[in-house]
There are 2 protein chains.
Amino acid sequence: MTDVQDVETGARARTRRAIVEAAVTQLARDPGVALGQVADAAGVGRTTLHRYFPERSDLLEAVGAETVARLGEAHERARLDQGTAREALRRLCPEYLLLGDHLTLLFTEVVPDAPADGCADDDPMVALVERGRDDGSLDLELSPSWVIGTIWAQLYLAWETLREGHESRHDVVQQLMRTVDKALAP
Amino acid sequence: MTDVQDVETGARARTRRAIVEAAVTQLARDPGVALGQVADAAGVGRTTLHRYFPERSDLLEAVGAETVARLGEAHERARLDQGTAREALRRLCPEYLLLGDHLTLLFTEVVPDAPADGCADDDPMVALVERGRDDGSLDLELSPSWVIGTIWAQLYLAWETLREGHESRHDVVQQLMRTVDKALAP
DNA sequence: CCGGGTTGGAACACTCGTGTTCCACTTTGG
DNA sequence: CCAAAGTGGAACACGAGTGTTCCAACCCGG
């Protein structure tokens, strides 16, 4: 039983990581990118890529797993269950922004079975928003799905702005927090 | 000299419109959609589609022109130069929302030379935001490009929400206006 | 030093979308 | 009613991406 999280050392593991990372970058740029281009970006031959991921869908699955894992880490670091929902949200946004291209993948849904923008029932974001409505830290006139959608939309804007390179991360985070906070406060 | 805007009547014009409209819908769903699928959606043969638009780029160009035209009409209807910038913005949002799938095309930039999210200098949106910063109806701590980005991001969210069909247009417009207004007010 | 593990390139067959040509059919306007 | 315009389908060549096989070269550990 070779689990997804094998011994992440040695040549094989290193090659595998390189391919997945390159795939994340390239897929974020163009969802229909050719596998040969991913291989080039990873610095490996196309043959090698196919050795690790026989079919395109296998690679997409691996990328999805990686994204989900990163998402989970972000949730942990943000300690979502501490303080009011709004405070938790203020910790969560910068963490999400660290996901980089994974944000693009989540937003454009190029990846299979990755939790799309607030569609999963076990999404911590859903629970967080529910809590925010209870503790009065969120605007009750906005539906939960709209609140979640707004957060994702602004996160995407923040990441795109950052990727363009015209504004510093500090400025982007500042404006992201300000916008989200004002929009969602009661 | 057969201009883009011919006598928009007769069989040819009707067929042409059907193809372009189908292309807008299909391209919004999948930017890499096959031309055969566009032809099917338009209710014409693939041969006929190629008769009107010899190459894929020709169709994309026509779709882009259509989008730009619709955008212009929305700008006119919103009477951007009347009242404060914030008032104009409140008229503009619902108009933009009427653009439907064209919003998706603008947002995902599948179309050539269509003014991407606030990248064009002659974009009325840029002028509007400049005015808003002058007349004090917009938050000065947010950069102009962030303000424009926020508007587009929320518009896209609104359209996607509407397209899902879980909320009425009235509710969506209500939440869109409330969110944008709160986020961008000083 | 040697042998297994790993790699990359060449070559191949296959699928799919594209763009083209040709021809028979239907519609429409004079 | 009849010719011209418009249409749709079949068939074709072509290119690009995919997935596979085979083999020579390389690296690293025992």
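Order of the sequence lines sets the chain letters (A, B, ...), proteins ahead of strands, with each chain counted from 1.
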**Request:** State plainly whether the residues B:Arg70 and B:Glu66 are in salt-bridge range, i.e. N to O under 4.0 Å.
**Result:** yes
**Message:** Any side-chain to backbone donor/acceptor pair from B:Glu167 onto B:Thr161? Under 3.5 Å, distance only.
**Reply:** no
**Request:** Nearest whole angstrom, please: distance from the C1' of D:dC27 to the CZ of A:Arg12.
**Result:** 15 Å
**Asked** A:Asp58 CG to D:dG19 C1': how many Å, rounded?
**Response** 11 Å
**Request:** If the plane angle is over 60° it's perpendicular, under 30° parallel, otherwise tilted; pick one for A:Tyr156 and A:Phe107.
**Result:** parallel
**Prompt:** What do you reckon, are the aromatic ring centroids of A:Trp159 and A:Tyr96 less than 6.0 Å apart?
**Reply:** no
**Prompt:** Does anything in residues 19-38 of chain B reach DNA chain D, meaning a heavy atom under 4.0 Å, and if so which residues?
**Reply:** none
**Prompt:** Given that A:Leu49 and A:Arg46 both sit by DNA chain C, which one's nearest nucleotide is further toward the 5' end?
**Reply:** A:Leu49
**5'-most by nearest nucleotide on DNA chain D - A:Ser57 or B:Arg51** = B:Arg51
**Prompt:** Tell me: CD of B:Glu55 to P of D:dC14, nearest whole Å?
**Reply:** 17 Å
**Phosphate-side-chain proximity, B:Tyr52 and D:dG6, N/O vs OP1/OP2 below 4.0 Å** = no
**Asked** Roughly how many Å is it from CZ in A:Phe53 to C1' in D:dT18, rounded to a whole number?
**Response** 16 Å
**Message:** Between C1' on D:dT7 and NE2 on B:His50, what's the gap in Å once rounded to a whole number?
**Reply:** 15 Å
**Message:** If the cut-off is 4.0 Å, is B:Thr47 near the phosphate of D:dT7, judged by side-chain N/O to OP1 or OP2?
**Reply:** no
**Donor-acceptor contact below 3.5 Å, side chain A:Asp181 vs main chain A:Arg178** = no
**Side-chain donor or acceptor of B:Arg91 paired with backbone N/O of B:Arg79 under 3.5 Å** = yes
**Item:** Lys/Arg cation over aromatic A:Phe53: A:Arg16, 6.0 Å, 45° cone
**Value:** no
**Request:** Answer yes when A:Arg90 and A:Glu87 have at least one side-chain N-carboxylate O distance shorter than 4.0 Å, and no when they do not.
**Result:** no
**Asked** When you list every nucleotide of DNA chain C with an atom under 4.0 Å from a heavy atom of chain B, which one comes first 5' to 3', and which comes last?
**Response** C:dG17 to C:dT21
**Prompt:** Out of curiosity, A:Glu164 CD to A:Leu162 CG, how far, rounded to the nearest 0.5 Å?
**Reply:** 10.5 Å
